[in-house]
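Following: one structure in structure tokens, then a few remarks.
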Amino acid sequence: MVSAVLTEAGRSRPYRLSVPLSLETLAVPLPRAGEVLVRIERASLCHSDLSVIDGSRIRPLPMAIGHEASGTVIDCGDGVDDVQAGDRVVLVFVPSCGACRACRSGRPALCHRGAAANASGDLLTGPALLRSEEGERINHHLGVSAFSEYAVVARESVVVVDADVPFDVAAMFGCAALTGIGAVLNTGQLAEGQSVIVFGLGAVGLMAVMAAAQVPGTTVIAIDPLPEKRALALSCGAHVAGTPDEAAGLVAAHTGDGQGGETGVDLAVEAVGSARVLEACLPLLTRGGALVSVGLPHPDQTITVPAVQFAGTGIRLLGSYMGDSVPERDIPRYLALWRTGKLPVELLHTDTRPLAEINEGLDALADGRVVRRLFVTA
Ligand SMILES: [Zn+2]
Ligand SMILES: [Zn+2]
């Protein structure tokens with residue numbers, strides 16, 4: 001099978017010239033106990049792929065990249081009896097063990113064993129299976145490695161969906177939907193009539209906008225420097241959109257009691273991955289409001305905030321990994337909203353290209369020219 005493999009992080013842009021991802025031929029692994037073999041139907045490029053490629057997210061190399069995808073189950077290993085060949089699946093980038101502290105407390109997105117396997121490039125079910133033609137170990141990316149014709153993954157890395165969900169749509173319900181919708185509905189617990197501001201209108205931010213807009217009576221403010229992204233946010237249900245410099249003015253104008261008092265948003269979602277943006281969000285919150293941190297800033301970045309405001313005004317800073325989603329529960333729940341037209345995720349699908357164009361795709365995503373570019377891997 002052909003797989004897109006990263007051997008060196010931090011190559012210079014443009015990526016179409018530095019070619020960080022090489023298409024290599026790997027043997028198709030056989031599923032071990034507790035694993036499934038999936039034919040990848042669509043795989044999308046996500047900013048967290050870029051974070052590995054540019055070196056801001058350190059992962060063991062070489063690594064077969066890709067974590068947001070849909071596929072068809074081809075074969076199941078021993079002990080897998082609730083998934084069958086032919087099932088249509090969404091790939092999930094945190095396989096949860098069901099037994100650790102996080103899993104037992106109902107937070108599988110924070111699974112300790114899943115996080116350890118993801119950090120080491122292994123699968124939840126055992127050591128990495130991928131090998132180069134020379135027999136060298138190739139690490140798995142978040143238990144998925146989606147820019148490949150096939151993937152062997154832990155059973156816990158797939159959620160079965162109805163066979164009529166298009167592969168293009170299903171793929172986006174892996175990372176972007178779990179992260180963006182979950183940030184609003186699970187982490188932020190947005191309630192009817194509340195106000196939200198979303199910073200950063202990539203796929204995750206736009207998913208957050210859609211999730212917020214379908215809650216009755218909400219006011220949704222969308223912020224991004226790029227005018228095309230702001231226009232897309234309005235199509236996704238945002239009530240108003242502006243540049244980062246306009247954010248404070250929009251909050252003042254669109255929240256509060258209508259007389260200029262009690263302004264501020266109930267919820268701010270930071271989907272940029274910037275310490276400066278996190279800092280800028282806090283003063284926009286109303287008393288008791290919550291800031292949900294979704295983006296992944298570079299590890300060197302720190303924030304400086306007036307410490308008194310947390311106790312003084314009851315505001316909260318909430319980290320949100322994978323939107324605090326429970327994939328087995330939430331992917332069907334989010335797909336049900338999609339079926340009613342309340343989550344028009346098709347708006348985020350820019351185009352579909354062959355895997356051979358993956359390095360050009362990295363440039364397009366880094367430049368903000370695409371939201372979700374999907375790849376056909378076969
Ligand atoms: Zn666990
Ligand atoms: Zn992602």
Side-chain angles (χ1 to χ4, degrees), residues 4 6 21 34 40 42-54 56-57 59 63-70 90-120 122-126 140-147 151 153-157 159 170-183 200-208 269 271-273 293-297 320-331 334 345 348-350 358 361-362 365-366 370-375:
L6 177 72
L21 296 179
I40 301 292
R42 295 288 188 277
S44 28
L45 261 179
C46 164
H47 272 277
S48 22
D49 299 318
L50 283 180
S51 300
V52 176
I53 287 158
D54 70 19
S56 54
R57 197 97 170 127
R59 297 286 181 190
M63 175 173 272
I65 295 291
H67 64 283
E68 183 178 288
S70 58
V90 172
L91 281 294
V92 174
F93 68 93
V94 179
S96 54
C97 73
C100 73
R101 241 169 104 175
C103 287
R104 281 187 280 114
S105 67
R107 305 190 72 185
L110 303 179
C111 175
H112 294 259
R113 280 146 74 176
N118 283 354
S120 63
D122 294 309
L123 296 180
L124 181 67
T125 32
H140 297 252
H141 186 199
L142 300 175
V144 177
S145 292
F147 294 120
V153 302
R155 159 67 186 92
E156 293 79 4
S157 295
V159 171
M172 294 186 282
F173 277 84
C175 177
L178 287 178
T179 305
I181 300 169
L201 303 174
V204 168
L206 290 167
M207 289 282 190
V269 176
V272 178
S293 170
V294 180
L296 292 167
S320 181
Y321 192 65
M322 201 166 74
D324 283 314
S325 293
V326 181
E328 289 281 354
R329 177 197 71 191
D330 289 338
I331 288 178
Y334 302 159
V345 302
L348 309 189
H349 176 205
T350 308
I358 185 87
L362 299 175
L365 184 66
V370 300
V371 177
R372 271 300 183 264
R373 170 164 286 173
L374 303 183
F375 290 86

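We count ligands from 1, going down the list as the structure has it; atoms in each ligand are counted the same way.
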Decide yes or no for H67 and C46: does some side-chain heavy atom of the first lie under 4.5 Å from some side-chain heavy atom of the second?
yes

Using side chain to side chain contact (heavy atoms under 4.5 Å, CB included), reason through V345 and Y334 one step at a time and then give a plain yes or no.
CA-CA 10 Å; V345 302; Y334 302 159; over 6 Å; no

Residues E68, R373: salt bridge by 4.0 Å N-O rule
no

Taking it one step at a time, do H349 and L374 satisfy side chain to side chain contact (heavy atoms under 4.5 Å, CB included)?
CA-CA 7 Å; H349 176 205; L374 303 183; 3.7 Å; yes

Report the angle formed at the Zn ion (ligand 1) by atom SG of C97 and atom SG of C103, rounding to the nearest 10°.
120°

Suppose we only count N/O/S atoms under 2.8 Å; would C100 qualify as near the Zn ion (ligand 1)?
yes

State whether C46 contributes an N/O/S atom found under 2.8 Å from the Zn ion (ligand 2).
yes

